[in-house]
There are 2 protein chains.
Amino acid sequence: MENKTPITVVIIEDDETIRNGFTYLINATENYKVLNSYSNVEDALVGLVNDKPQVILLDIELPGIKGIEAIPKIKHILPKTYIIMLTVYDNEDNVFNALTKGASGYLTKSDNTEKIIDAIQEVVNGGAPMSMNIAKIVIKSFHKNQNSPLTKRETEILEQIANGKSRSKIAKQMFIDLETVKSHIKNIYIKLNVHSREDAIKEAKNNKYI
Amino acid sequence: MENKTPITVVIIEDDETIRNGFTYLINATENYKVLNSYSNVEDALVGLVNDKPQVILLDIELPGIKGIEAIPKIKHILPKTYIIMLTVYDNEDNVFNALTKGASGYLTKSDNTEKIIDAIQEVVNGGAPMSMNIAKIVIKSFHKNQNSPLTKRETEILEQIANGKSRSKIAKQMFIDLETVKSHIKNIYIKLNVHSREDAIKEAKNNKYI
DNA sequence: AAAAAATCCCCCGTATTGGGGTATACCGAT
DNA sequence: ATCGGTATACCCCAATACGGGGGATTTTTT
C-alpha cells in the first residue's frame with residue numbers, strides 16, 4: 001500500500017487498557033491514525049472540535065454521559081463523522097437506539113482486532129459494519145414495524161401484557177405506579193382502537209408492533 | 001401474458017358472500033377459471049367427478065361433513081387435485097390434520113385476495129402456500145417439547161391464555177363451557193405447579209410446552 | 001375393566017379490568 | 001416561548017375475571 005492521507009480516528013472509552021490497546025493497534029496500521037483518545041464524553045466533546053476525526057470509536061457503557069446520548073451531541077458538532085459503537089452487551093434496545101441516532105457501526109469488544117480496522121475502513125467506504133450477533137438483532141428488528149403508533153413505553157407495557165402479566169405486576173416490575181400503567185394501557189387501546197388486552201395483543205402482533 | 005389452458009378451480013365454502021367473492025376474483029384473473037362452487041361437501045363430492053379441477057379451495061368450517069374429513073374423500077376420487085384449506089381460525093390441530101391428510105396449502109380468509117391467486121399458482125407448481133401465521137405454527141411445532149405433561153386440550157387452552165384470551169373467550173371459541181375451561185386451567189396450574197396465568201405462560205414457554 | 005382425558009356444575013372472596021376524568025413535569029420542535 | 005407528545009400519577013365506578021374449593025359425568029385410550 002502506498003502512503004496517502006491517513007484515516008483519522010478518535011477513541012472514547014473509559015477503560016484505559018482497551019483505550020491504549022486500540023490506539024496502539026490502529027496507529028500500528030498503515031494509513032490509520034488515532035488523533036486523540038478520551039475517557040469520557042464531556043472531555044471528548046471539547047477536544048473533538050479540533051480533532052475533526054473521520055471516525056469515532058465510541059464505548060456505549062461510559063460514566064457520565066452515556067455513549068448513546070453522546071451520539072446526537074457528536075453528530076451535532078461533527079455531522080460528517082462516522083461513529084462506531086463498542087459494547088460488551090449486545091442489548092437490543094441499545095443497538096436500536098444507537099443505530100437510529102446515527103451510529104454507523106456496532107461492534108462487540110470481543111471482536112478480534114483485525115475486525116476493528118476492517119470496520120473503520122468499512123464505515124469510511126459507506127458501509128455499516130457490525131458483529132454477527134448484533135446483525136441478527138438488527139435483522140430481527142427490521143421485521144418489526146417501524147411506524148408503530150405506540151411509544152417505547154407503551155410497547156414495553158404491551159409486551160408485558162402479551163406475557164400475561166397483570167397491571168399490578170407490570171407496575172411493580174417497571175417501578176412505576178399502577179395508575180401510570182393504567183394510563184399507558186388506556187392510550188394503547190385508543191391508539192390501536194381496541195377495548196381489551198386480547199385485541200390489543202392481536203392487533204399489535206398482526207402489525208408487528210411487538 | 002398469452003392465453004393458454006386456464007388453471008381450473010372449484011370452491012367449497014358455505015358462506016355465499018365469500019364463495020361468490022372468490023369465484024368472481026378468480027374468474028377475473030387471466031388463466032384462472034372457477035368450474036363450480038359448492039356450499040357443502042356432500043354436493044361437492046357428486047359434482048367434482050365431472051369438474052375434475054386442478055385445485056380446490058376448501059373451507060375448513062363447513063356444516064355437515066367438515067372440511068378436514070372431506071380431504072381424504074376428495075383425494076380418493078381425485079388423487080391428483082391440489083387442496084388449499086381456507087380458515088378463519090388458525091387452530092394448530094386443524095392445520096396439522098389437514099396437512100397430514102393431504103392438503104397442499106393453508107390460508108386464512110383474512111389473507112388479501114392476491115394471495116389467493118398466488119397460492120393457487122404455487123400449489124400447481126408444487127409449492128405449499130400458507131399464511132405467515134400458519135407457517136409459524138408449523139415451524140413452532142417442530143420445536144415443541146414432546147414430553148409435555150399437558151394434554152392436547154390443556155396445551156390448546158394454555159396457548160389461548162398466552163394470547164391474552166379470557167376464560168369466557170376461550171370457552172366461546174372452543175365451543176365448550178366456561179366451567180370446562182376452568183377445570184382445564186386448574187389442571188394446568190397443578191401440573192405446572194403455578195398459581196397464575198403469568199407463571200403458567202412463563203413455565204410453559206421455558207419448557208417449550210407451548 | 002381401569003385409567004386418562006374432557007366435559008360440566010356450584011360456591012366463595014378477592015383482584016383485575018376497562019372507562020370516565022384530571023393534572024403535573026419534561027422535552028423536543030417550531 | 002409555546003405547543004404537542006410523552007411519561008408520570010390520582011380519583012371514581014361497575015362489571016368481569018380470577019384462583020381455589022368441592023364435586024360429577026361422559027368419552028376416549030390403554
Side-chain angles (χ1 to χ4, degrees), chain A residues 65-66 68-73 75-76 79 93 97 100-102 146-204 209, chain B residues 91-94 97 147-204 209:
Chain A
I65 299 179
K66 299 274 172 285
I68 299 229
E69 306 159 37
I71 300 174
K73 296 183 201 295
K75 280 279 172 183
H76 184 67
D93 240 44
N97 280 332
T100 56
K101 289 204 172 150
Q146 240 75 79
N147 30 327
S148 167
L150 303 179
T151 68
K152 227 171 71 172
R153 208 59 164 164
E154 286 162 359
T155 306
E156 262 183 272
I157 287 176
L158 188 47
E159 257 153 9
Q160 302 294 309
I161 289 178
N163 286 331
K165 290 202 170 60
S166 70
R167 297 165 171 183
S168 42
K169 282 273 175 67
I170 296 172
K172 257 173 216 154
Q173 194 154 331
M174 295 180 69
F175 303 104
I176 54 179
D177 196 277
L178 170 63
E179 290 300 328
T180 306
V181 177
K182 284 181 64 177
S183 293
H184 283 307
I185 293 177
K186 279 182 209 172
N187 290 326
I188 292 170
Y189 286 5
I190 291 169
K191 285 181 179 177
L192 300 187
N193 194 29
V194 296
H195 304 277
S196 70
R197 340 187 100 217
E198 181 197 345
D199 291 341
I201 294 170
K202 203 193 302 167
E203 185 69 12
Y209 299 155
Chain B
N91 166 278
E92 176 177 333
D93 242 44
N94 280 344
N97 281 332
N147 33 327
S148 167
L150 303 179
T151 68
K152 225 168 68 172
R153 208 58 166 163
E154 286 162 358
T155 307
E156 261 183 273
I157 286 176
L158 188 47
E159 258 154 8
Q160 303 294 309
I161 289 178
N163 285 330
K165 290 203 170 58
S166 69
R167 298 165 169 181
S168 44
K169 280 274 174 67
I170 295 172
K172 256 172 217 156
Q173 193 153 334
M174 295 179 71
F175 302 105
I176 55 178
D177 195 276
L178 170 64
E179 289 300 328
T180 307
V181 177
K182 283 180 65 176
S183 294
H184 284 306
I185 292 176
K186 278 183 209 173
N187 290 327
I188 291 170
Y189 285 5
I190 292 168
K191 286 182 180 177
L192 299 187
N193 193 29
V194 295
H195 304 278
S196 70
R197 339 187 100 213
E198 183 197 343
D199 291 341
I201 294 170
K202 205 194 301 169
E203 186 70 12
Y209 299 154

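The structure presented is a predicted model; accordingly, all values stated were derived computationally and were not measured. Residue numbers start from 1 in every chain, and the chains themselves are labelled A, B, ... in the order their sequence lines are given, proteins ahead of strands. Just so you know, these numbers use all the heavy atoms, side chains as well, and skip hydrogens, waters and symmetry mates.
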_Heavy-atom closest contact (A:Y209 atom, A:L150 atom, distance)_ = CB-CD1, 4.4 Å
*Return the set of residues passing side-chain hydrogen bond (donor to acceptor under 3.5 Å, both in side chains) with B:S166 (not counting sequence neighbours), or none when no residue passes.*
B:S168
*Which residues satisfy the side-chain hydrogen bond (donor to acceptor under 3.5 Å, both in side chains) test with A:E203, sequence neighbours excluded?*
A:N207
*For residues 167-176 of chain A, which residue pairs qualify under salt bridge (charged side-chain N to carboxylate O under 4.0 Å, His left out), counting only residues two or more places apart or in two chains?*
A:K169-B:E198
Taking distance alone, no hydrogens or angles, what donor-acceptor pairs closer than 3.5 Å link side-chain atoms of residues 189-196 of chain B to residues at least two apart or in another chain?
residue : atom : partner : partner atom : Å
B:Y189  : OH   : B:R197  : N            : 3.0
B:K191  : NZ   : B:P149  : O            : 3.2
B:K191  : NZ   : B:E154  : OE1          : 2.8
B:K191  : NZ   : B:E154  : OE2          : 3.3
B:S196  : OG   : B:D199  : N            : 3.2
B:S196  : OG   : B:D199  : OD2          : 3.4

*Could you check whether B:S196 gets within reach of a base, just the sugar-phosphate, or nothing at all, counting any heavy atom under 4.0 Å?*
sugar-phosphate
*Nearest heavy-atom neighbours spanning A:I201 and A:A162*: CD1-CA, 3.7 Å
_So if I take the C1' atoms of five pairs at each end of the helix from C:dA1-D:dT30 to C:dT30-D:dA1 and get each local axis, what angle do the two axes make, rounded to 10 degrees?_
70°
_With a strict under 4.0 Å distance from non-hydrogen atoms of chain B, what nucleotide opens and what nucleotide closes the contacted stretch of DNA chain C, reading 5' to 3'?_
C:dA5 to C:dC11
*Could you tell me the separation between the CD1 atom of A:I170 and the CD1 atom of A:I157, rounded to the nearest 0.5 Å?*
6.5 Å
*Which residues in residues 197-204 of chain A have at least one heavy atom lying under 4.0 Å from any atom of DNA chain D?*
none
_Members of residues 163-182 of chain A that approach DNA chain C, where some heavy atom sits under 4.0 Å away_ = A:S166, A:R167, A:S168, A:K182
Return a table of donor-acceptor pairs under 3.5 angstrom between the side chains of residues 174-188 of chain B and protein atoms on other chains or two or more places apart.
residue : atom : partner : partner atom : Å
B:D177  : OD1  : B:E179  : N            : 2.7
B:S183  : OG   : B:E179  : O            : 3.1
B:N187  : ND2  : B:S183  : O            : 3.3

*Spatial distance of atom CZ (A:R153) from atom CD (A:E156) [nearest 0.5 Å]*: 5.0 Å
*Mind listing the residues from residues 184-192 of chain A sitting with a heavy atom below 4.0 Å of DNA chain C? Number order is fine.*
A:K186, A:Y189
